[in-house]
Amino acid sequence: MAQETLKGIFEGMPGFTALESQGRDIDLTIDRSLWQQGISVEVYTAHEVLIKTDSKTSMEEIIAFLVQHKRFILNRIRLYQDRRNTEDTIPLLANGDVVKLFGKPYTVERREDVRWARMSDNKILVPLGATRFGELNGDIRRLSYRELKAMTDAYADLYGFSYSSIHINERRTAWGDCDSHKRIGFNVSLAFLPEPLVEYVVVHELAHTREMNHGRNFWLEVRRVLSDYEERREELKRYNLDWYLDRIA
Ligand SMILES: [Zn+2]
């Protein structure tokens, strides 16, 4: 229904002051909907907190709720601040750089006879002039579709899941998603993650073809396939979903 984003609201809020001084402000988005009951809080990034609630909850109640859940919110924000910066692990497109996509190394080759950046076998061919990462996105999307579909099919066959379709997206909200029609979406940024984390995202979305929510039965489905999913899930939080998307925007 209605969504509003408030800036600077954590300034001066009991317990949150130290955090604000660490640089960028933390925005609070309040999402009100008819079907929401009570209040819940989610932390999206180091600077985005989301409150979901119904249309009647007052601002005082929301602030009281935030203060009450201060510990959870602060821990989440620190986790994101501490997140591994993928910038260190993904090189730019200089001659000889190695870019790993789905664990496979591609060597960047700058060449006079190349007009625009493209992928070929184990190379990324780049023109001599300035190149934007985005020129490669079509190729990276195609590669992502191939790799993710193969992995999804393998797990689906082995563990008896079924889905209706797979698509690749550039949304900034999630590594993967699955709707009630069992259509699975995968983020193109998965190409840059280590394989165990890609596997976790694939299995997570396949589990949603049986259990739409994140309830107990959902996690049982995930655990049935990946007994160490909790470690993978924690590790995934350290990766920055926006790194690649920022470079192709
Ligand atoms: Zn999920």
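We count ligands from 1, going down the list as the structure has it; atoms in each ligand are counted the same way. The chain is numbered in sequence order, starting from 1. Computed from a predicted structure; not experimentally measured.
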List for me each residue that meets side-chain hydrogen bond (donor to acceptor under 3.5 Å, both in side chains) alongside Asp113, sequence neighbours excluded, and say none if there are none. Arg111
Scanning both residues in full, the closest heavy-atom pair of Phe102 with Leu190 reads CE2-O, 4.1 Å
The criterion is salt bridge (charged side-chain N to carboxylate O under 4.0 Å, His left out); which residues satisfy it with Glu48, sequence neighbours excluded? none
Single-linkage hydrophobic cluster, 4.5 Å side-chain cutoff, Leu136 and Val114 together: no
Using a cut-off of 2.8 Å, how many protein N, O or S atoms lie below it in distance from the Zn ion (ligand 1)? 3
Exercise: identify the closest heavy-atom pair between Trp219 and Arg233: CH2-NE, 3.4 Å
Listed partners of Arg224 passing side chain to side chain contact (heavy atoms under 4.5 Å, CB included), at least two apart: Tyr159, Phe161, Arg210, Glu221
